[in-house]
Amino acid sequence: MMKGHDVKHYPGLGPLAVFFFIYLYAPLAVIIAYSFNANRVAGVWTGFSTHWYASALNNRALMNALETSLTVAAVATVVSTLIALSAALAIIRGKNVRYRKLCETIVNLPLLLPEIVLAVATLIVFSLVNVQNGMLRLVIAHSAFCTPFAFLPIRARLQGMSLDLEEASADLYADRWTTFRRVTLPLIFPGVFSGAMLAFLISMDDFITSNMLSTGGSTTLPVYIFSLIRAGTSPELNAIATLLILASLILATVALLVAARGTRENAEP
């Protein structure tokens with residue numbers, strides 16, 4: 001019998017891995033370091049200062065853009081997660097669903113198409129139906145393209161879950177709603193939470209769709225940051241990026257902890 005190969009012993013793999021992570025994360029480290037630069041010139045270090053964080057947090061236009069992004073992302077996350085959960089339950093648990101693969105492909109279609117195509121198509125539809133409210137346009141568009149990102153973790157969780165507990169609940173004369181609320185939802189909650197966090201991050205990070213659909217008073221944070229880049233980089237922009245990195249790390253850590261807890265609970269006898 002052939003023994004398994006330990007990839008750690010492959011020649012050159014260690015240095016290649018180190019180079020890969022340096023290449024991937026060195027730009028982020030530079031941004032974080034220069035966010036504490038006292039000099040207004042972003043690339044010239046003159047001393048340590050937290051002035052640019054205070055400047056960013058006191059920037060009214062920035063705070064308005066952040067509030068818009070958080071509002072749109074929160075609503076889009078709730079809507080897309082509910083749609084994704086309903087679709088996953090219908091596709092995975094439905095017994096008489098016809099064209100199951102076709103339905104799943106339709107749900108995942110925004111992942112297969114270039115975002116610029118979806119943005120242009122959405123803009124045309126809103127123009128035809130005369131939807132002028134920028135916030136409403138952003139919420140609808142973000143909910144649409146965030147749905148497949150929420151759907152994938154939920155579908156994976158449902159596919160990996162045994163039917164035994166649901167069948168036991170039915171044998172104890174629990175109705176479908178009670179079974180879902182007391183059995184199914186707690187078991188798939190890590191997948192639901194992961195999908196919601198992924199949808200939230202995707203919405204917060206979106207630029208192309210937001211740039212095409214936003215109107216006056218509905219500028220999102222990525223669109224505002226792009227306007228700052230066009231005027232030239234500054235330590236304030238580095239401070240904003242650092243805060244976004246920190247927020248993303250916190251959300252990712254929470255999602256991983258919830259997923260790990262769900263895995264441990266399912267592994268317990």
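- Taking the side chain as every heavy atom from C-beta outward, Ile92 and Arg100 never approach each other to under 4.5 Å.
- Listed here is the closest heavy atom pair of Ser143 and Ala76: OG-CA, 3.4 Å.
- For Ser169 and Thr179, the side-chain atoms include at least one donor-acceptor pair closer than 3.5 Å.
- Around the CZ atom of Phe48, the shell of radius 6.0 Å holds more than 12 heavy atoms that belong to other residues, nucleotides or ligands.
- The two residues Ser218 and Gly134 make their nearest non-hydrogen contact at OG-CA, 3.7 Å.
- In Arg182, the CZ atom is not crowded: 12 or fewer heavy atoms of neighbouring residues, nucleotides or ligands sit closer than 6.0 Å.
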Open item on the list: Could you walk me through whether Leu70 and Phe200 satisfy the side chain to side chain contact (heavy atoms under 4.5 Å, CB included) test, starting with their C-alpha distance in whole Å, then the side-chain angles of each, then the deciding distance to 0.1 Å, before giving a yes or no?
Closed with: CA-CA 9 Å; Leu70 289 174; Phe200 182 83; 3.9 Å; yes
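- Under the 4.5 Å side-chain criterion, counting only non-hydrogen atoms from C-beta, Leu111 is in contact with Phe149.
- Rounding to the nearest 0.5 Å places CG of Leu138 at 7.5 Å from OG1 of Thr215.
- For Arg137, there are no salt bridge (charged side-chain N to carboxylate O under 4.0 Å, His left out) partners, not counting sequence neighbours.
- Note on Leu152: it clusters hydrophobically with Phe145, by side-chain heavy-atom contacts below 4.5 Å among ILVMFWY residues.
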Task: Evaluation steps, side chain to side chain contact (heavy atoms under 4.5 Å, CB included), between Met135 and Val72 - done: CA-CA 7 Å; Met135 288 291 291; Val72 171; 3.9 Å; yes
TODO: Verify side chain to side chain contact (heavy atoms under 4.5 Å, CB included) between Tyr224 and Asn59, making sure each step is shown before the conclusion.
DONE: CA-CA 12 Å; Tyr224 178 78; Asn59 187 328; 3.0 Å; yes
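- Taking both residues in full, the closest heavy atoms of Val192 and Thr81 are given as CG1-CG2, 3.8 Å, listed atom of the first, atom of the second, then distance.
- Between Ala150 and Ser80 the shortest heavy-atom distance is CB-O, 4.2 Å.
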TODO: For side chain to side chain contact (heavy atoms under 4.5 Å, CB included), just list the numbers for Phe180 and Leu89, CA-CA rounded to whole Å, side-chain angles, deciding distance to a tenth of an Å, and then say yes or no.
DONE: CA-CA 10 Å; Phe180 172 76; Leu89 288 171; 3.5 Å; yes
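- Once rounded to the nearest 0.5 Å, the distance linking CD of Gln159 with CD1 of Ile91 reads 10.0 Å.
- Taking the side chain as every heavy atom from C-beta outward, Trp52 and Leu57 never approach each other to under 4.5 Å.
- Between atom CG of residue Leu136 and atom CD1 of residue Ile140 there is a gap of 4.0 Å, rounded to the nearest 0.5 Å.
- Looking at Ser55, its side chain never comes within 3.5 Å of a backbone N or O of His51 through a donor-acceptor pair.
- Clustering ILVMFWY residues whenever any of their side-chain heavy atoms sit less than 4.5 angstrom apart, transitively, puts Val78 in a cluster other than the one holding Ile188.
- Between the side chains of Asn58 and Tyr53, no donor-acceptor pair of N or O atoms lies under 3.5 Å.
- Within a 6.0 Å radius of CZ in Arg176, other residues, nucleotides and ligands contribute 12 heavy atoms or fewer.
- Summarising the geometry of Ile22 relative to Pro27, their closest heavy-atom pair is O-CD, 4.3 Å, with the distance given to 0.1 Å.
- Across all their heavy atoms, Ala119 and Met212 have their closest contact at CB-SD, 3.6 Å.
- In the hydrophobic clustering of this structure, Leu113 does not group with Phe126; members are Ile, Leu, Val, Met, Phe, Trp, Tyr whose side-chain heavy atoms approach within less than 4.5 Å, directly or through other members.
- Interatomic distance, CG of Leu243 versus OG of Ser35, reported as 8.0 Å (0.5 Å rounding).
- Note that the OG1 atom of Thr219 and the CD1 atom of Ile225 stand 12.5 Å from one another [nearest 0.5 Å].
- Side-chain heavy atoms closer than 4.5 Å link hydrophobic residues (I, L, V, M, F, W, Y) into clusters, and following such links, possibly through other members, connects Leu24 to Leu249.
- Legend: residues meeting ring-ring contact (aromatic ring centres under 6.0 Å, His included) with Tyr99, ordered by chain and number and at least two apart, are absent.
- A donor and an acceptor atom, one from each side chain of Thr68 and Thr71, are nowhere located under 3.5 Å apart.
- Connection of Val117 to Val120 is established within a shared hydrophobic cluster, with ILVMFWY side chains joined at heavy-atom distances below 4.5 Å, either directly or through further cluster members.
- At a threshold of 4.5 Å between non-hydrogen side-chain atoms, the residues Thr220 and Val223 count as touching.
- Aromatic ring pairs are classed by plane angle as parallel below 30°, tilted from 30° to 60° and perpendicular above 60°; the pair Phe21 and Tyr25 is parallel.
- Residues Leu221 and Leu244 form a side-chain contact, since some pair of their non-hydrogen atoms from C-beta on lies under 4.5 Å apart.
- To the nearest 0.5 Å, the span separating CG on Leu237 from CG on Leu62 amounts to 10.0 Å.
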Return all side-chain donor-acceptor pairs below 3.5 angstrom for residues 201-210, not counting sequence neighbours, or 'none' if the list is empty.
unit_1: Ser203; atom_1: OG; unit_2: His142; atom_2: ND1; d: 2.7
unit_1: Asp206; atom_1: OD2; unit_2: Thr209; atom_2: N; d: 3.4
unit_1: Asp206; atom_1: OD2; unit_2: Ser210; atom_2: N; d: 3.0
unit_1: Asp206; atom_1: OD2; unit_2: Ser210; atom_2: OG; d: 2.9
unit_1: Thr209; atom_1: OG1; unit_2: Glu115; atom_2: OE2; d: 3.0
unit_1: Ser210; atom_1: OG; unit_2: His142; atom_2: NE2; d: 3.0

